[in-house]
There are 2 protein chains.
Amino acid sequence: MVVLQDSPTDHELDRLFRSLACATRRDIVRRVMAGEDASVSSLAERYDMSFAAVQKHVAVLAEAGLVSKHHHGRERRVRGNPEQLAKARALLARLEQLWTERFAQLDAVLADPPPPQA
Amino acid sequence: MVVLQDSPTDHELDRLFRSLACATRRDIVRRVMAGEDASVSSLAERYDMSFAAVQKHVAVLAEAGLVSKHHHGRERRVRGNPEQLAKARALLARLEQLWTERFAQLDAVLADPPPPQA
DNA sequence: TTATCGTACAACCAAATGGTTGTGCTTCAG
DNA sequence: CTGAAGCACAACCATTTGGTTGTACGATAA
């Protein structure tokens, strides 16, 4: 069953796309979506930047709802949730659909031309 | 026929998602994808900001390849091209796919458990 | 021809971004 | 108990961003 979800707010979409506009963050998302064991420090080991920098990236992703952090002993496990990805993808799909609908409307007009009321 | 397209560079994706991380720009994309007559100034009339600001937004979208500008008399018509939207959408789809594949792999493991080689 | 429209571009500004280092607090290992 | 691992957070910095105003220039309508 497809759930009717209320459309995301502008601000939510801003944070979503903004958080994806960075290769490091996209790579983090890729890792956690693939199910890699992902504490913050295990993620930080893989990038050429400080631990704090990676920590900030994870915070940005969490703020955007793309990942969530969970206590696990003294670690924080980073888990991806694909629902936010789907929201972004749905918006892109709608924009693409606007494009395709143009031709559908054009075809309709050509098939049933209104009388030139000039 | 589906064309094998080389994967976009990190920088290209940065610009793509960055350009979408702004409600004004998303709205511009929506308008031009819907086929609205869109000179830069006719777009600028619709937003509560200066002409130069809208002009910059269009430039950012053009830089990301989401729209292109074309001479038309003394105007510059803004036209959307959905291919870049598709690139962004493809990335999101791949990330979501990673998530779903996790369960497929898990199912495979459960269905055919390897001998505990410890 | 001349005034004006549509655009481009530079300079400037406040705020956000992406990075750093340092400090301190928990939680675990020895 | 003590030391270290893992993390959070603040302060700081350079650069980018999103906005402004002002100036200039080609195309056009009168």
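Ion pairing of D27(A) with R46(A) is absent here, as no side-chain N (NZ or NE/NH1/NH2) approaches a carboxylate O to less than 4.0 Å. At a threshold of 4.0 Å, the pair K87(B)-E12(B) counts as salt-bridged, since one of the basic side-chain nitrogens sits closer than that to a carboxylate oxygen.
In this structure, R25(A) reaches the dG18(C) phosphate: one of its side-chain N or O atoms is under 4.0 Å from OP1 or OP2. Within the structure, a side-chain polar atom (N or O) of Q55(A) is placed less than 4.0 Å from OP1 or OP2 of dA8(D). Remark: S50(B) is not in phosphate contact with dG19(D), judged by side-chain N or O atoms under 4.0 Å from OP1 or OP2.
Residue R15(A) contributes atom CZ, which lies 14 Å from atom P of dA16(C) at whole-angstrom precision. Between the NE2 atom of H71(B) and the P atom of dC25(D) there is a distance of 16 Å, given to the nearest Å. Distance, F51(B) CZ to dC5(C) P: 13 Å, rounded to whole Å. Here the P atom of nucleotide dA16(C) and the NE2 atom of H11(A) are 10 Å apart, to the nearest Å. Going from atom NE2 of H57(A) over to atom C1' of dG19(C) covers 8 Å, rounded to whole Å. Distance L61(B) CG to dG18(D) P: 10 Å, rounded to the nearest Å. Straight-line distance from the CG atom of D14(A) to the C1' atom of dT17(D): 13 Å, rounded to whole Å. Atom P of nucleotide dT21(C) and atom CE of M49(A) are separated by 13 Å, given to the nearest angstrom.
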Criterion side-chain hydrogen bond (donor to acceptor under 3.5 Å, both in side chains) on H57(B) and R25(B), from CA distance to verdict = CA-CA 6 Å; H57(B) 282 309; R25(B) 287 199 288 261; 3.1 Å; yes

Quick one: do H72(B) and E75(B) satisfy side-chain contact (heavy atoms from CB on, under 4.5 Å)? Show the steps, please.
-> CA-CA 5 Å; H72(B) 188 263; E75(B) 293 182 348; 4.3 Å; yes

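R76(A) and H71(A) share a side-chain donor-acceptor pair at under 3.5 Å.
Mapping E75(A) and R18(A) onto DNA chain D via the closest heavy atom, the residue that lands nearer the 5' end is E75(A). Between D48(A) and K56(B), it is K56(B) whose nearest contact on DNA chain C lies nearer the 5' terminus. Mapping K69(B) and R74(B) onto DNA chain C by nearest heavy atom places R74(B) closer to the 5' end of the strand.
Using a 4.0 Å heavy-atom criterion, one finds that A52(A) contacts the bases of the nucleic acid, with or without backbone contacts as well. S41(B) comes within contact range of the sugar-phosphate backbone alone, with a heavy-atom separation under 4.0 Å but no base atom that close. Within the 4.0 angstrom heavy-atom criterion, no nucleotide atom of any strand lies near T24(B).
Side-chain to base pairing of R76(A) with dC7(D): no donor and acceptor N or O lie closer than 3.5 Å to each other.
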